[in-house]
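In what follows, a single structure is set out as structure tokens and then discussed.
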Amino acid sequence: MAVDVRSQACSYLRAGKVTVFAATGRDDNDRPLAVRAHMQGQSGRYFVRRNYDGRWLCSCETGEADCPHVAAVQLVTGHDGPASRTGESR
């Protein structure tokens, strides 16, 4: 049985596997515009970034909507994503 993106992202956070090493600029909700992070995932170390254009990328190349690494960094930085609770606004 596959673990859903939210469960996996929360698991990474609980285990302390997410490190944000750069967060620059601020949007209207005081969230960083650009983010650089790394984390230890189940199959290795991954690098996650958010560009100033709002695009999220991960070295696992899964894709933003299905990537638990991106979802974990989004939770840490206050950005909405697949791990955000339904109806939760930031």
Side-chain angles (χ1 to χ4, degrees):
M1 179 165 131
V3 177
D4 68 271
V5 173
R6 179 174 169 72
S7 295
Q8 190 65 49
C10 290
S11 175
Y12 288 138
L13 293 178
R14 282 190 303 273
K17 296 189 176 217
V18 179
T19 302
V20 175
F21 58 88
T24 57
R26 293 283 172 206
D27 67 10
D28 293 339
N29 295 315
D30 204 31
R31 298 174 297 200
L33 293 172
V35 175
R36 301 292 182 267
H38 60 82
M39 61 179 306
Q40 185 62 43
Q42 290 182 336
S43 301
R45 187 175 189 111
Y46 299 100
F47 294 90
V48 176
R49 74 176 188 245
R50 181 182 193 267
N51 296 328
Y52 280 103
D53 64 5
R55 192 165 152 223
W56 289 91
L57 302 166
C58 179
S59 60
C60 79
E61 300 179 0
T62 299
E64 179 183 339
D66 298 319
C67 179
H69 314 117
V70 167
V73 175
Q74 288 170 330
L75 284 173
V76 169
T77 58
H79 287 277
D80 293 329
S84 300
R85 291 180 189 247
T86 304
E88 184 177 65
S89 61
R90 305 200 179 223

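Hydrogens, waters and symmetry mates play no part in the numbers below; they use all other heavy atoms, side chains included.
Atom CE of Met39 is separated from atom SG of Cys58 by 8.0 Å, given to the nearest 0.5 angstrom. For the atom pair Lys17 NZ and Gln40 CD, the distance stands at 6.0 Å (nearest 0.5 Å). Annotation: the span from Leu33 atom CG to Asp53 atom CG amounts to 10.5 Å, rounded to 0.5 Å.
The aromatic rings of His69 and Tyr46 lie parallel to each other, with less than 30° between the two planes, well short of the 60° mark.
When all heavy atoms of Arg6 and Ser84 are compared, the closest pair comes out as NH1-C, 4.1 Å. Between Arg14 and Ser7, the closest heavy-atom pair is NH2-O, 4.4 Å. Of all heavy-atom pairs spanning Gly25 and Tyr52, the tightest one is N-OH, 4.4 Å. Among all heavy-atom pairs drawn from Val5 and Cys67, the shortest one is CG1-O, 4.0 Å. Residue Ser59 comes nearest to Arg45 through the heavy atom pair OG-O, 4.3 Å, listed as atom of the first residue, atom of the second, then distance. Arg50 approaches Arg36 most closely through the heavy-atom pair O-NH1, 3.1 Å.
The backbone N or O of Gly78 sits nowhere less than 3.5 Å from a side-chain atom of Gln74 that would complete a donor-acceptor pair. For the pair Asn29 (side chain) and Arg31 (backbone), a donor-acceptor distance under 3.5 Å is absent. Distance alone, capped at 3.5 Å, is enough to place a donor-acceptor pair between the Asp27 side chain and the Asp30 backbone.
A heavy-atom distance below 4.5 Å is not found between the side chains of Val48 and Val35. Between Val70 and His79, every side-chain heavy-atom pair lies at or beyond the 4.5 Å cut-off.
Counting non-hydrogen atoms of other residues, nucleotides and ligands closer than 6.0 Å to CZ of Arg26 gives a total above 12.
Using a 4.5 Å cut-off between side-chain heavy atoms of Ile, Leu, Val, Met, Phe, Trp and Tyr, with links allowed through other members, Tyr12 and Leu57 fall into different hydrophobic clusters.
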